[in-house]
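Reviewing the structure listed below.
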Protein chains: 2
Amino acid sequence: MLNERSITVSQDCAECPIRHRAVCARCESDELERLEEIKYYRKFEAGQTVIWSGDRMDFVGSVVSGIATLTQTMEDGRTQMVGLLLPSDFVGRPGRASAAYDVVATTDLVMCCFRKSPFEEMMRQTPHIAQRLLEMTLDELDAAREWMLVLGRKTAREKIASLLSIIARRDASINMRAASSTVTFDLPLTREAMADYLGLTLETVSRQVSALKKDGVIELEGKRHVTVPDMTRLLDEAGDDSDGGMFA
Amino acid sequence: MLNERSITVSQDCAECPIRHRAVCARCESDELERLEEIKYYRKFEAGQTVIWSGDRMDFVGSVVSGIATLTQTMEDGRTQMVGLLLPSDFVGRPGRASAAYDVVATTDLVMCCFRKSPFEEMMRQTPHIAQRLLEMTLDELDAAREWMLVLGRKTAREKIASLLSIIARRDASINMRAASSTVTFDLPLTREAMADYLGLTLETVSRQVSALKKDGVIELEGKRHVTVPDMTRLLDEAGDDSDGGMFA
DNA sequence: CGGTACTCTTGATCTGGGTCAATGTTCCAA
DNA sequence: TTGGAACATTGACCCAGATCAAGAGTACCG
């Protein structure tokens, strides 16, 4: 969830490099071969549900392209997004039979899945897979805790700025114009999804986005295309301590 | 953080059983011996800081007795607790040099620590330690995400009830009177600490605790000693879906 | 085209929880 | 036994964000 995971695409595993790197950092050939045997792809359209909370989940996997969300819902319908799954992020829990959250594709989505029991077996035999997974899980835990601060203590404006910062930062490597701090990206979420992530209502999200626009912190082209003329300013609005250790 | 970790005390590692079980579920004798070599104890008084966010952290460890909190603070002083460390909970991150959060003892605290680099070395050599740690980290991640729902979507009253539920549940095995759903425990946190955990102010915490008392959901003896006459009622107030999968 | 179904924006009003302030309760130390 | 420090309660008032309501784009389909 929202970590910077310096995934370098390896030449040796051409077909599905991101997942292999995500699962097995060292990418040794025999392991890759074994992973190859138990893997398969699944595609989803924007809006489709990958899995419902409580359903049997007999695979683990990672996002190849597109974006998915992890959400929890209370009986009365209040929902909270608890994770945003971006390419290379891992889903599923070795050693648990059913899904703990709803996983929904917010854009068209391709996932690379591994059948769970052979994957678990392989994890038992291949120590550094468990170590890699531990590393990734610790990153997610940090991200979740960072988000607890956002949810518990930030104002609506700071929340929006925080969300925009992470999305911007993750696209930064791709879109940042050299020597400038200008960043441009497309919002992969509706106002409602943003609200669910931030613990706000969609009206408040809309108002605060408008306010940030009016104040020149961001520029909007259409509803979804965002330009941040000055990232420093945005980070400042987010209330992050300078550098923005957020999601690092 | 707040997971039920069915730690059974093993006879073979009498001196410091909880940590060994926490770190190494299978508890084989040669590994225990190696852990023994690199472990040491640290004691803290209530209120002492174990480590400040950003400080070099050259150990990992787990809580033997007492309670510690994990908190983040913004420059302007707003603070959010992101974890509650109870006996058997693990602290520290293999592969990271500095602490990400302030760790503070809220009661007298004993920790069992392992020097980080030999521990990491051992983890490399002993696969199931990494697997055990992965399991624990996944539990913590679930707990953190569960808490995101509390912070983002629950009302003040529900937040208080949620917090009381977890504390009650964790003490349940010890204090629950057979065949009754009555639970009694001491709050290990000040009103302010509760507020920091719940994303509220201490005044609101105080008011809601009083309200739950007035409505007969809880009984108070002094400020800290709580009796829950009917756990079902409390869980209901917390808005948890029936069973209370929370922190399970 | 015109319709209908989303998604988003904006306004008006209400309210839960924050803020400010005063008072209570323990408990310890002088 | 009294003073003070830390923790807790309670009241009065206020405001950020929720709620309710009315449009405005935008896109797709018959």
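What you are looking at is a predicted structure, and each value in this text was computed from that prediction instead of being measured. Naming: A, B, ... by sequence-line order, numbering from 1 per chain.
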Tell me: CD of B:Glu203 to P of D:dA8, nearest whole Å?
12 Å

Rounded to whole Å, NE2 of A:His225 lies from C1' of D:dT26 at a distance of 18 Å

Distance col, row A:Gln80:CD vs A:Leu198:CG, nearest 0.5 angstrom, shows 8.5 Å

Do side-chain atoms of B:Glu221 reach the backbone of B:Thr227 as a donor and acceptor pair under 3.5 angstrom?
no

Counting side-chain heavy atoms from C-beta on, which of C:dG17, C:dC8, C:dA12 comes nearest to A:Thr190?
C:dC8

Can you tell which of D:dT9, D:dG11, D:dC20 lies closest to the side chain of B:Arg207?
D:dG11

Measuring to OP1 and OP2 of C:dC8, would you say a side-chain N or O of A:Arg224 lies under 4.0 angstrom away?
yes

For a quick test of reading the model: is some side-chain N or O of A:Thr204 closer than 4.0 Å to OP1 or OP2 of D:dG17?
no

What integer distance in Å separates B:Leu200:CG from C:dG16:P?
14 Å

Name the closest nucleotide to the A:Thr201 side chain, picking from D:dT19, D:dG11, C:dC8.
D:dT19

Nearest to the A:Arg191 side chain among C:dC8, D:dG17, D:dT10, which nucleotide is it?
C:dC8

Judged by each residue's nearest nucleotide on DNA chain D, which is more toward the 5′ side, A:Gly199 or A:Gly222?
A:Gly199

Return the value, rounded to whole Å, for the distance between atom CG of B:Leu202 and atom P of C:dC20.
13 Å

Among D:dA18, C:dT19, C:dT10, which nucleotide has an atom closest to any side-chain atom of A:Ser210?
C:dT10

Quick one: CD on A:Glu158 to CZ on B:Arg78, what's the gap to the nearest 0.5 Å?
4.0 Å

Within this structure, what is the CG-to-P distance between B:Leu220 and D:dC7, rounded to whole angstrom?
18 Å

Would you call the rings of A:Trp147 and A:Tyr197 parallel, tilted or perpendicular, where under 30° means parallel and over 60° means perpendicular?
parallel

Output the rounded distance in Å from CG (B:Asp186) to C1' (D:dC7).
16 Å

